[in-house]
Amino acid sequence: MRTRAPRPEAAPRGPGGDPLVGERYEVEIGPVAHGGGHCVARHEGRVLFVRHALPGEKVVALVTEGTTKSRFLRADAVEILEPAKDRIAPPCPFSGPGKCGGCDWQHVTPGGQRKLKVQVLTEQLAKLAGLTPAEAGWDGSVEPVGDKLPAGEVPAWRTRVQYAVDPETGKVGLRKNRSHDIQAVDRCLIAAEGVTELGIESRDWPGVATVEVIAAAGSSDRQVVLTPAPGAQLPLVELDKPVSIARIDEHDNIHKVHGRSFVRERAAGRTWRVSNGGFWQIHPEAPDTLVDAVLNGLDPQWGESALDLYCGVGLFAGALADRVGEDGAVLGIESSKQAVADARHNLAVLDNVRIECDRVETLLPRTGITATDLIVLDPPRAGAGRETVAHLAGLSARRIAYVACDPAALARDLAFFREGGYRPVSLRAFDLFPMTHHFECVAILEPVAEGH
């Protein structure tokens, strides 16, 4: 799975009615909503999803999408009449209504951001899984990751940034929220130092549509992946720092221009090859944080068998293989051919690991595996789904670790696991995407004991 920035959502096809874009309403802000970094407000019975606001505030909301017949409106808080105590001035000059859409919560203290994420996870667990935090084995916190920073300083955690290029000027910028429009930037505050030091923002990119920068946290490897503008020739790229260059063709295939086709990352006691911009956690401390949470939760024993589903370049498979030892066995399944090639390379010294290339839902029923001791699954944002969960619940695993980047998908799948006789015994949430509404969870599930 590539970590290309998601394409901006197209505005939904309107239901007709008179446009309300540009209207201003004075509203009281209600709770935070899942996804999109917005809060819920109401005006004359109609729901507004308001960005740049906080629960409990009174604001002037400027409508950005919707008509008199829309089920809901989207809006930005453009004037804060009564601020919440967690509100701060955004440290980034490109954050705010009508500006860059990359960060959702630059206007919130770090602790306030985590409180919002707690509220989202609590609501999704209740609504979709019927679970209280206690029933999910969750202490009700979203754990900070990384060093505590001085007040007003922004964590520079993002080791991958995809810039859009303005076709008129050749300057890079970042997409505005739910838009193809570009906000010119001279620096992204959440970009890791390895990204910033390449100086992408200070040069022109004629003939280029997007510039994706990857700065490995585990080595000095840097990669720049260019998408040419339609019909344009790629410019000769010379940067001040050593960097590999690749390009993406019209079929979304990636080709090496010069340098390496991969970057080297370091985690869980190993060096990992990640080729062609393939999937790797974006926060420098995420891989070790998640491996520790998975291993602590599963407590793998020598000689056990394990499945690592949606295994990417093999991070969890390698960690499990070390713990189950030569008498154990780990099977990884991943649909990306490039990631499978990397995983096989990364884990070549381990005789107890096998990596297969296919979709989990296609291959798993064909493996003939009827039982396993441990399962790790790290599915894409949509989750694993009812059918795959039902299959996993039938394998009699002692414990299952579910790594989730979307709380709604996690909660839905926890409900499916309950149907299959599994319940969460612990749940941890990690703030691996500060300034955004995203966070990562690790749930540990066990079979429900007889009589419960």
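Side chains are part of it too, since the values below use all heavy atoms of this structure and drop only hydrogens, waters and symmetry mates.
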Taking only Lys NZ, Arg NE, NH1 and NH2, and the carboxylate oxygens of Asp or Glu, determine whether [X] and [Y] approach each other closer than 4.0 Å.
X: Glu44; Y: Arg46; answer: no
X: Glu446; Y: Arg398; answer: no
X: Arg114; Y: Glu143; answer: no
X: Arg323; Y: Glu304; answer: no

Can you tell me if [X] uses its side chain to pair, donor with acceptor, with the backbone of [Y] under 3.5 Å?
X: Arg381; Y: Cys405; result: yes
X: Arg175; Y: Arg178; result: no
X: Asp413; Y: Ala384; result: yes
X: Asp308; Y: Ala317; result: yes
X: Asp139; Y: Ser141; result: yes
X: Ser336; Y: Ala339; result: yes
X: Glu265; Y: Ala217; result: yes
X: Arg222; Y: Ala215; result: no
X: His283; Y: Glu285; result: yes
X: Glu57; Y: Val59; result: no

Does one side chain, of [X] or [Y], offer a donor that lies under 3.5 Å from an acceptor on the other?
X: Thr436; Y: Asp104; answer: no
X: Tyr163; Y: Glu201; answer: yes
X: Asp299; Y: Gln301; answer: yes
X: Asp76; Y: Thr64; answer: no
X: Asp342; Y: Trp272; answer: no

Might you point out which heavy atoms bring [X] and [Y] nearest each other, and give the distance in Å?
X: Gly318; Y: Leu347; answer: CA-CD2, 3.6 Å
X: Arg273; Y: Asn346; answer: N-OD1, 2.8 Å
X: Tyr422; Y: Ala397; answer: OH-O, 2.7 Å
X: Val294; Y: Val442; answer: CG2-CG1, 4.1 Å
X: Val274; Y: Val313; answer: CG2-CG2, 4.3 Å
X: Lys58; Y: Glu26; answer: CD-OE2, 3.9 Å

Can you tell me how far the [atom1] atom of [X] sits from the [atom2] atom of [Y], to the nearest 0.5 Å?
X: Trp105; Y: Asp86; atom1: CH2; atom2: CG; result: 11.5 Å
X: Leu364; Y: Thr388; atom1: CG; atom2: OG1; result: 7.5 Å
X: Leu427; Y: Tyr402; atom1: CG; atom2: OH; result: 11.5 Å
X: Leu20; Y: Leu73; atom1: CG; atom2: CG; result: 5.5 Å
X: Leu363; Y: Ile333; atom1: CG; atom2: CD1; result: 4.5 Å
X: Ile248; Y: Thr227; atom1: CD1; atom2: OG1; result: 4.0 Å

Go through the steps to decide whether Lys176 and Lys99 satisfy the test side chain to side chain contact (heavy atoms under 4.5 Å, CB included), and finish with yes or no. CA-CA 6 Å; Lys176 297 182 179 181; Lys99 297 182 183 177; 5.9 Å; no
Run the ring-centre check on Phe49 versus Phe72 and record whether the distance is less than 6.0 Å.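 When the ring centroids of Phe49 and Phe72 are compared, they turn out to be within the sub-6.0 Å range.
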Only residue of Ile282, Val195, Val225 satisfying side-chain contact (heavy atoms from CB on, under 4.5 Å) with Arg160 is Ile282
Leu309 and side-chain contact (heavy atoms from CB on, under 4.5 Å): which partner among Asp378, Leu331, Val376, Leu392?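 It is Leu392; the other options fail the test.
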If you look only at distance, which donor and acceptor atoms sit under 3.5 Å apart when one is on a side chain in residues 120-129 and the other is two or more places apart or in another chain?
{"from": "Thr122", "atom 1": "OG1", "to": "Val118", "atom 2": "O", "distance (Å)": "2.7"}

Going through the distances and angles, do Asp373 and Ser305 end up as a side-chain hydrogen bond (donor to acceptor under 3.5 Å, both in side chains)? CA-CA 5 Å; Asp373 296 305; Ser305 61; 3.3 Å; yes
Within 6.0 Å of CD in Glu387, more than 12 heavy atoms from elsewhere: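 No, not enclosed.
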Neighbour count above 12 (heavy atom, 6.0 Å) for Asn253 CG: yes
Do His107 and Leu54 touch side chain to side chain, with heavy atoms closer than 4.5 Å?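 Result yes, sub-4.5 Å side-chain heavy-atom pair found.
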Plane angle bin for His43 and Tyr25 - parallel if under 30°, tilted between 30 and 60°, otherwise perpendicular: parallel
